[in-house]
Amino acid sequence: MRLDHVAIAVNNLDDAVKQYKEALGVDEVEIENVESEGVRVAILHLNNSRIELMEATKETSPIKKFLATKGEGLHHIALETEGIEKEVDRMKVCGIQFLGEIRPGSRGTKIIFMHPKSLHGVLAELCSHPKS
Ligand SMILES: C[C@@H](C(=O)O)C(=O)SCCNC(=O)CCNC(=O)[C@H](O)C(C)(C)COP(=O)(O)OP(=O)(O)OC[C@H]1O[C@@H](n2cnc3c(N)ncnc32)[C@H](O)[C@@H]1OP(=O)(O)O
C-alpha cells in the first residue's frame, strides 16, 4: 500500500487551481467531472504523488455537506493498492467499516471509502489504478 493522494474540498475549483498552481509551481493539472460522486476534481501532479482539489457539482454531493459543516480543507487521504478486492476483505476482518461498494473514481481508478470513525477521525479512500 502507498499514499496515492490527499484530497481538499474547495468552494471554487477554478480559483483554488490558480492559487495552488502558482504556490506549488505545478504545471500539469487534469480536470475531471466524477458524476457518480457529485464532484469536479483537479488533479495536481507532484513527484510521485498528487493533490486533488474537489468542488461539489450537486446538492447531494458529500463535498457540499462537508463544506457547509466544516468549511474548506483536507477532506480525505487515498491509499493505493494493486488488489483492492482482497484488501477490502482483509481490512474488514480488522474491523474497518467501508462506505458502500467498490466503484469507479477519477482517472479510471476503482475506489471505496472507509468511515472516519474506523481510522481515528480520518476519511480514507482505498484505490486501484487501471493496469497500463
Ligand atoms: C472522485 C473520487 C476520487 O478520488 O477518485 C473522490 O474523491 S469522491 C469524494 C467524495 N465522495 C465521498 O466522500 C464518499 C465517501 N463519503 C461519505 O460517505 C460521507 O461523506 C461520510 C464520510 C460518511 C460523511 O457523511 P456524513 O457527514 O453525512 O455522515 P455523518 O453526519 O454520519 O458523519 C459521521 C462523522 O464523520 C465526520 N466526517 C464527515 N466527513 C468527514 C471527513 N471528510 N473527514 C473526517 N471526518 C468526517 C462527521 O463530522 C461525523 O463526525 P461526528 O460524529 O464526530 O460529528
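Start at 1 and go down the list; that is how both ligands and their atoms are numbered. Only this structure's heavy atoms are used, side chains among them; waters, hydrogens and symmetry mates stay out.
For the residue pair Leu13 and Met54, the shortest heavy atom distance occurs at CD1-N, 4.0 Å. Between His76 and Glu125 the shortest heavy-atom distance is NE2-OE1, 3.1 Å. Between Leu123 and Met114, the closest heavy-atom pair is CD1-O, 3.2 Å.
His45 and Glu30 form a side-chain donor-acceptor contact under 3.5 Å, judged by distance and modelled atom types alone.
Near ligand 1, heavy-atom contacts under 4.0 Å come from His5, Val34, Glu37, Val39, Glu52, Met54, Pro62, Lys65, Phe66, Lys70, His75, His76, Leu99, Arg103, Gly105, Ser106, Ile111, Phe113, His115, Pro116, Lys117, Gly121, Leu123, Glu125.
Under a cut-off of 6.0 angstrom, the local environment of CG in Asp89 is crowded, with over 12 non-hydrogen atoms contributed by other residues, nucleotides or ligands.
Here Val93 is tied to no hydrophobic group at all, with no ILVMFWY side chain closer than 4.5 Å.
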